[in-house]
Protein chains: 2
Amino acid sequence: MDLGESARISQEKKGRLTIHDLAAAAGVSISTASKALNGTGRMGAETRERVQRVAREIGFRPNALAKGLLSKRSFTIGLLTNDTYGRFTLPLMAGVAEALVDHGVSVFLCAIEDDPALGQVHVEAMLDKQVDGIIATGKRVDRSLPIDLSNLPVPVVYAFTEGTRGSVTFRSDDGHGARLASEWLIAQGRRRLVHITGPESFFSVCERAEAFRAVAGGQAPVVYGDWSEGWGYQAVARLWDEAAEKGQEAPDAIFCGNDQIARGVVDALRERGLKVPTDVSIVGFDNWEIVAAQMRPPLTTVDMELRELGRQAGLTVLALAEGRVVEPGVRTLPCRLVVRES
Amino acid sequence: MDLGESARISQEKKGRLTIHDLAAAAGVSISTASKALNGTGRMGAETRERVQRVAREIGFRPNALAKGLLSKRSFTIGLLTNDTYGRFTLPLMAGVAEALVDHGVSVFLCAIEDDPALGQVHVEAMLDKQVDGIIATGKRVDRSLPIDLSNLPVPVVYAFTEGTRGSVTFRSDDGHGARLASEWLIAQGRRRLVHITGPESFFSVCERAEAFRAVAGGQAPVVYGDWSEGWGYQAVARLWDEAAEKGQEAPDAIFCGNDQIARGVVDALRERGLKVPTDVSIVGFDNWEIVAAQMRPPLTTVDMELRELGRQAGLTVLALAEGRVVEPGVRTLPCRLVVRES
DNA sequence: ATGCACTGAGAAAAGCTTTTCCCTCCGTCA
DNA sequence: TGACGGAGGGAAAAGCTTTTCTCAGTGCAT
């Protein structure tokens with residue numbers, strides 16, 4: 001096999017190594033080399049091992065473009081999002097990547113910022129690159145992306161955004177999250193629960209409010225505002241003033257629609273001289289770690305398990321790409337209560 | 001040309017359209033079709049237009065895999081990061097994508113979470129997919145990713161992370177940012193400036209502290225801690241207690257090392273009954289909008305222009321991929337002061 | 001009428017891998 | 001000894017596009 005020698009020299013030529021180089025270096029034909037690497041075809045065990053060893057030695061890695069051209073699988077998927085700040089997209093993306101990296105699939109991330117034209121450009125770029133599938137995600141479960149993905153030549157999975165009829169959609173079970181939060185507050189011995197949350201126009205807001213009332217009682221107050229810290233702050237003022245006016249007892253537990261609202265709530269309580277959690281227990285929503293874990297006291301909050309959501313979306317789009325059939329419909333995933341000190 | 005008719009029927013076959021379909025539909029050969037689309041070769045204007053029109057009509061888009069196989073350009077780059085929460089990566093990524101989308105380049109995002117093995121896997125996956133280049137980024141300017149990118153067969157550009165010798169590296173000019181902040185505080189008539197910042201082991205921390213002292217005076221206090229809100233809160237307590245002890249006047253301006261510290265600082269001041277900005281002016285760092293803009297009052301802070309950093313990194317890696325020469329070295333970009341109400 | 005230059009367009013190769021089909025060689029059985 | 005089957009390995013096509021040649025035809029000048 002002194003073909004090996006000459007090959008080792010010619011390997012010094014320019015460019016990346018091809019399977020030709022490998023074949024020459026191992027002293028076999030291209031087809032044998034290919035089959036040896038992929039564990040297909042018939043050949044002597046010794047030959048197969050030699051090819052594999054040589055491949056490792058010279059550092060040969062097959063060109064995924066050529067592979068994709070033939071197999072019509074690019075081992076690439078697109079993740080489309082309009083969540084500019086990535087608070088929801090990043091954990092989700094981490095889950096997607098985690099699920100797919102073992103399968104050799106890489107992820108194109110495209111942030112399209114609610115711009116249909118930009119979305120169109122990105123989708124076309126992804127299709128040109130023959131993505132095996134697309135995962136659409138956003139910042140709101142009851143809104144869809146500003147672009148129609150329903151007639152694409154590749155499978156589409158929706159995660160944390162509204163999907164089209166007949167599509168596969170993943171989202172968190174916000175009712176479950178709200179139930180966890182409310183029940184935990186009750187379990188802490190709290191009886192006067194209130195829910196400070198975002199705009200009533202959000203589907204999740206209604207879903208959570210409903211679950212909250214189911215646990216806390218139909219009369220438990222729910223106040224709607226926006227998603228900001230400022231609103232949380234104001235809401236406390238309003239609730240406490242009202243209670244004082246009517247001569248009622250103030251709340252002893254607040255379930256907040258997100259961690260930012262909780263942030264404002266905690267601030268307002270502190271300013272009124274109330275201790276968290278001694279006087280009032282607080283539960284947030286989102287488990288936005290960088291905020292929730294750093295609050296004083298660290299915030300007990302509901303985690304939507306976006307990473308797991310991403311994992312499942314990733315596996316599903318892969319399954320669809322491989323032609324396996326997947327039952328369409330909305331799948332909801334349970335939330336998890338992260339108990340800290342509030 | 002009733003070839004067109006029959007082609008329009010056969011177009012109904014399975015799979016994506018190829019240039020063969022286009023050629024048939026337009027009644028020309030494949031080569032002519034290709035040249036018509038790319039504006040190359042010689043042919044009658046009428047022919048060229050007809051091909052282009054038919055291409056639009058049937059919705060033909062060339063297969064980027066086949067194109068890439070031939071041209072050895074995949075129009076794809078990889079963005080490698082270990083910034084899990086994406087606070088720095090996302091704005092940067094947005095800039096990269098913005099710069100490259102016009103050139104038809106898509107971006108693989110790979111979050112490697114400080115895991116060398118995972119990093120290796122992702123880099124190899126990207127190389128297999130023939131990325132035209134890689135941008136490495138992180139969460140800290142003076143640390144490098146847990147993986148060696150110096151001998152890759154594709155160009156690498158570093159942005160907001162430490163690069164290797166001879167590489168092209170982009171980072172923000174933190175000294176400039178600190179100068180902007182300090183000078184603005186002085187311009188507000190403040191005289192007793194302090195700087196509450198992160199760990200002294202960070203290069204940026206030293207750079208900023210130095211610039212701060214150059215403006216505020218060599219005796220202006222700089223206190224080092226960690227990057228948390230809690231530290232900002234404590235630091236205020238410490239500074240005010242010290243001042244009271246020594247019978248000195250307390251600071252009237254605080255330049256914070258990041259927006260989270262500023263958050264803690266503002267809280268602590270409020271608890272001490274001090275008004276921002278009436279009694280004390282505050283400037284943060286990072287312009288982490290979702291926090292800075294929502295604070296009460298909204299925070300004046302330094303923006304590192306990460307989006308612009310990303311844009312430049314994107315254009316640079318593209319230039320390198322196209323074989324243009326780029327002077328190696330570290331390029332720093334100016335910061336921008338975002339004046340809000342603190 | 002012949003040759004030349006140029007225009008318009010097609011044939012074929014290249015780029016890298018996988019897969020199908022085929023060939024050769026060897027051993028075995030009748 | 002001849003036929004047959006199986007094992008090991010190679011040749012070639014396919015997948016889609018771009019690019020380089022090559023070729024046929026036309027108009028013009030000689």
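Below, read A as the first sequence line, B as the second, and so on, with proteins coming before strands; counting in each chain starts at 1. Everything quoted here is computed from the prediction, not taken from an experiment.
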#### Entry: Contact pattern, 5' to 3', of nucleotides 11-21 of chain C - B, S or - by protein heavy atom under 4.0 Å
B--BBBBBBB-

#### Entry: B/Glu49 with B/Arg53: basic N within carboxylate O range, under 4.0 Å
no

### Message
Looking at A/Arg171 and A/Leu333, would you say the former's side chain and the latter's main chain have a donor-acceptor pair under 3.5 Å?
### Response
no

### Query
Which atoms form the tightest heavy-atom contact between A/Thr84 and B/Leu90, and what is the distance?
O-CD2, 4.3 Å

### Message
Rounding to an integer number of Å, can you tell me how far B/Glu46 CD sits from C/dG8 P?
### Response
11 Å

### Query
Expressed in angstrom and rounded to an integer, what is the separation of B/Arg42 atom CZ from D/dG25 atom P?
16 Å

### Summary
Taken to the nearest 0.5 Å, the spacing of A/Thr47 OG1 from A/Arg42 CZ works out to 13.0 Å

### Query
Ion pair present between A/Asp21 and A/Arg16, side-chain N to carboxylate O less than 4.0 angstrom?
no

